[in-house]
Amino acid sequence: MSEAEPEQAATTAAAAVAGTSAGAAAVTARAAAIELRRAGLSYGDRVLWENLDLSVAPGEFLAVLGPNGSGKTSLLRVLLGLQPLTTGTALIAGQRVRTGSRHIGYIPQQKAFRAGSPLRARDLVGLGLDGHRWGIRLRGRAFRQRVDELLEVVGASAYADVPVGMLSGGEQQRLRAAQALATDPQVLLCDEPLLSLDLHHQQAVSALIDGQRRRSGTAVVFVTHEINPIIDYVDRVLYLAGGQFRVGTPEEVMTTEVLSDMYGTRVRVIRNEGRLVVVGLPDATTHEHGQHEGDED
Ligand code: ADP
């Protein structure tokens, strides 16, 4: 149940961001973006996970997978400083986790904005820059420029002045991504950010997140029940199930043997044209349902 060679994974992630000056800076910084030491979380006598040692490097893309109720969202809540650990410690950029950290960007699950909301796309993104401040906001030229930049990065310039309630789910989710990236965070936490997006927007939002970690060395923790839309970006997987966890590359963790062991029942992992199909999961949460033929792992 131990973490599979974090040093090696960190080097891989560093290599992924190398070649850009931001990447090089991230590499020399060296400190882990996220560090969990002997971390455990229980509600009453229900243990979600325990003895979790995990170090996420700057620029690394970590996918968090597992069935409903395995504690994926709770892990994000721990990193956001909203949920205390039962045991162990959690550090972000070398500091104990706390709420309202500018080191952290957060993309929540897709939820539609109220149709009548007067908030425009650019207002929403602007809140990512100064929404944590109380009182009068100083919104000068630099502020407007930064908002424009962020809108452009996520491909939302065309609808910058449109009220958010009038935008499609995919467009809204791009704005949430822009908002989360506003402070150029060291850590980006994503809670099923692709849910209810069509394939095109899934690709756009995942590519955007990948671009951020390559450009700026942002460490990404991406909670998802479906690995395929992000499979090309993922450095390591943290798989949670039944009070256990596994950490490693997708090749190490997403195998028939490992998942069958975790679920305590026969689960098959099939690789099909670069996609992973997991068959026989004991609950409704799958990483792609279906009975495809292919090479079994
Ligand atoms: P996931 O994101 O993997 O679906 P969650 O982290 O949302 O899992 O929840 C894990 C389990 O912990 C669920 O069974 C949930 O009901 C329970 N849980 C979550 N938050 C609390 C809480 N504050 N108090 C008690 N139980 C909780």
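Order of listing sets the numbers, starting from 1, for every ligand and every atom in it. Here, residue 1 is the first one in the sequence, and each next residue gets the next number.
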Asks: Give a yes or no answer on whether the side chain of Thr255 reaches the backbone of Val258 with a donor-acceptor pair at less than 3.5 Å.
Replies: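 Yes, because the side chain of Thr255 sits within donor-acceptor range (under 3.5 Å) of the backbone of Val258.
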Asks: Donor-acceptor pair, Asp198 side chain versus His201 backbone, under 3.5 Å?
Replies: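 Checked: pair present.
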Asks: Checking the side chain of Thr86 only, and the main-chain atoms of Ser42 only, is there a donor and an acceptor separated by less than 3.5 Å?
Replies: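 Answer holds: yes.
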Asks: Is it true that a side-chain atom of Thr218 and a backbone atom of Val187 form a donor plus acceptor pair closer than 3.5 Å?
Replies: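 Side chain of Thr218 to backbone of Val187: no pair is present.
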Asks: Compile the protein residues with any heavy atom at a distance under 4.0 Å from an atom of ligand 1; present them by chain, then by number.
Replies: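 Close residues (ligand 1, cut-off 4.0 Å): Tyr43, Arg46, Leu48, Pro67, Asn68, Gly69, Ser70, Gly71, Lys72, Thr73, Ser74.
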Asks: Testing His225, Gln109, Lys72 one by one against Glu192 for a side-chain hydrogen bond (donor to acceptor under 3.5 Å, both in side chains), which residue passes?
Replies: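 The single option meeting the side-chain hydrogen bond (donor to acceptor under 3.5 Å, both in side chains) with Glu192 is His225.
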Asks: Can you find a pair of side-chain heavy atoms, one from Leu75 and one from Leu41, that are under 4.5 Å apart?
Replies: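 Side chain of Leu75 against side chain of Leu41, heavy atoms only: no contact under 4.5 Å found.
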